[in-house]
Amino acid sequence: MQDLIHRLAERQGDLAVIRHDLHRHPEMGFEESRTAALVAGKLREWGIAVEEGIAGTGVVGTLKGRRPGQRAIALRADMDALPIQEATDLPYASANPGVMHACGHDGHTTMLLGAARQLAENPDFAGTVHFIFQPAEEGLGGGRRMVEEGLFRRFPVEAVFGLHNEPGLALGRFGIRPGPMLANVDTWSVTFRGTGGHGAVPHRATDPTQPLAAFIAALQGVIGRNLPARETGVLSVGHVAAGDARAPNVIPSEARVSGTGRSFKPEVREIMGRRLRELAQALAAAHGCTAEVEYRHDYPALVNTAEHVQLATQAAGALSGAEMVDTDFPPITAGEDFAYMLQECPGAFMLVGNGVAEDGSFHHVHTPKYDFNDALIPVGAAYWVSLVHHALGSAGAGEREA
């Protein structure tokens, strides 16, 4: 297994061409028609059975090993881009204004394609692999829609696995942990309403900017004074709006604030939503206003099963040594809709280092200057191949023979 990365590195140029093409032509969630067509075309070219149109633009490729076996696993990559204007000046920079691959999904898709080609040419495993190319991970819940449309009824598997690049982690290092690894994702908004009035005579008005200001200042008390110190919770303000910049002498009748909540446990999620609502309504009443509160649960926490973390760890360690795999990687308060697949089917989500920029800074995802590291392509593709051999058995892996 340890020479697998080197073998795949010989194809890095061909795979980088695919990645650059995807990067130059990014598509938003549920709009990945060109991307899906490219994926389906490559899979068919390599002799892999393909089904399209799952959750709109999703693609699933199916490959059976040459050795007999009834077991099956699934490997998932995401395909969508973000509404960000690229500022990299790369020769393959986005040609779609206001849209770019700022999270590495172009790389994720390419790594899974590279693994699919390698496995198709050398199907020395028992059972079946399903390659899931998912649309709309970035906030639109493409993973949930695939599950709701019967993904695992149509393609039954014993486990499903995900892989994501991690900027700032050394190139080729892996990180994983059992249990909660990524957070619950919530979206909240509060609208304070008063009468508004003339800024010169505020005593004649009820001013919603007063409870708004008090609410923002008090919000972190929900975390600091309502959650046990050992628990993780995040409440952040992302948007504030009130009044009109052209009329600074007018006290607005409405003030709005919205943001995000992050947690790992259902009980922490409940406390945050309840106390945020109570805080907003109490402050509104204290200032003679009203408050309309919405606290919406979006993505659930991503929870890895211990058995499949162990399997993923073995697969990664077989490539470059156990010391390259951190099995107690700190939980991350970002979210991932792969969590919906793990609610339906056991499995594990792995992180792999995208490296550090030459100047020592991180290549932060979700920024206009982000770019996936092409040197990671053979590493990620090799991890997928190693995982298949360890899960379904091969002469090279010596694990879990069917």
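What you see below is based on every heavy atom in this structure, not just the backbone, and it leaves out hydrogens, waters and symmetry mates.
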Within the 4.5 Å heavy-atom criterion, are F161 and W384 side-chain neighbours or not?
yes
Taking every non-hydrogen atom, the tightest pair across V185 and G335:
CG2-CA, 3.4 Å
Mark yes or no for whether D298, through its side chain, and G139, through its backbone, hold a donor-acceptor pair below 3.5 Å.
no
Kindly assign one of parallel, tilted or perpendicular to the pair H389 and F125, based on the angle between their ring planes and the thresholds 30° and 60°.
perpendicular
Exceeds 12 heavy-atom contacts within 6.0 angstrom, atom CZ of R204:
no
According to the interplanar angle, ranging from 0 to 90°, do the rings of F372 and H108 count as parallel (below 30°), tilted (30 to 60°) or perpendicular (above 60°)?
perpendicular
Quick check for you: to the nearest 0.5 Å, what is the distance between Q220 atom CD and S236 atom OG?
6.5 Å
For the residue pair D106 / Y92, report whether a side-chain donor-acceptor contact shorter than 3.5 Å exists.
no
With distance as the sole test, does K369 use its side chain to make a donor-acceptor pair with the main-chain N or O of A87 at under 3.5 Å?
yes
Quick one: pull up CZ in R277 and CD in E294 and give me the separation to the nearest 0.5 Å.
8.5 Å
Give a yes or no answer on whether the side chain of T128 reaches the backbone of A72 with a donor-acceptor pair at less than 3.5 Å.
no
N373 CG to N165 CG distance, which is reported to the nearest 0.5 Å
9.0 Å
Between the main-chain N or O of A200 and the side-chain N or O of H198, is there a donor-acceptor pair closer than 3.5 Å?
yes
So, T260 versus R262: side-chain donor-acceptor pair below 3.5 Å or not?
yes
H390 side chain vs L311 backbone, donor-acceptor pair below 3.5 Å:
no
Under a 4.0 Å threshold between the charged nitrogen and the carboxylate oxygen, would R34 count as salt-bridged to E27?
no
Is there a donor-acceptor contact under 3.5 Å from the side chain of E86 to the main chain of S94?
yes
Take R173 and E166 through the side chain to side chain contact (heavy atoms under 4.5 Å, CB included) test and state the conclusion after the steps.
CA-CA 9 Å; R173 292 193 66 88; E166 180 67 7; over 6 Å; no
Is the shortest side-chain N to carboxylate O distance from R19 to D374 below 4.0 Å?
yes
From N226 CG over to R275 CZ, what is the distance, rounded to the nearest 0.5 angstrom?
4.5 Å
Can a side-chain donor-acceptor contact be found between D78 and H164 if the only test is distance below 3.5 angstrom?
no
Crowded around D89 CG? As in, over 12 foreign heavy atoms under 6.0 Å?
no
Are the side chain of N122 and the backbone of D124 linked by a donor-acceptor contact shorter than 3.5 Å?
no
Heavy-atom neighbours of E270 CD exceed 12 at 6.0 Å
yes
Relative to each other, are the rings of H297 and Y295 parallel, tilted or perpendicular (30° and 60° limits)?
perpendicular
Could you check whether any side-chain N or O of E336 sits under 3.5 Å from a backbone N or O of F338, counting only pairs where one atom can act as donor and the other as acceptor?
yes
Can you tell me if E307 and T305 form a side-chain donor-acceptor pair at under 3.5 Å?
no
Kindly indicate, with the supporting measurements, whether the criterion side chain to side chain contact (heavy atoms under 4.5 Å, CB included) is fulfilled by R154 and V60.
CA-CA 10 Å; R154 296 173 62 180; V60 176; over 6 Å; no
Tell me if a side-chain donor or acceptor on S386 pairs with a main-chain N or O of A315 at a distance below 3.5 Å.
yes
Indicate yes or no for a side-chain donor-acceptor contact from R76 to the backbone of G162 under 3.5 Å, with no hydrogens or angles considered.
no
Compare all side-chain heavy atoms of L113 with those of V39 and state whether any distance is below 4.5 angstrom.
yes
Side chain to side chain contact (heavy atoms under 4.5 Å, CB included) between N354 and L376, intermediate numbers included:
CA-CA 6 Å; N354 197 47; L376 182 55; 3.6 Å; yes
Before you tell me yes or no, could you show the steps for Y299 and L182 under side chain to side chain contact (heavy atoms under 4.5 Å, CB included), namely the whole-Å CA-CA distance, both residues' side-chain angles and the distance that decides it to 0.1 Å?
CA-CA 10 Å; Y299 292 177; L182 283 92; over 6 Å; no
Should W188 and V293 count as side-chain neighbours, where that means a heavy-atom distance under 4.5 Å?
no
When rounded to the nearest 0.5 angstrom, what distance separates CD1 in I5 from OH in Y383?
12.5 Å
Going by atom types only, do E32 and T57 share a side-chain donor-acceptor pair under 3.5 Å?
yes
One should read off an interatomic distance between H308 NE2 and Q314 CD, to the nearest 0.5 angstrom, of 11.5 Å
Side-chain ion pair, R145 and E148, N-O less than 4.0 Å
no
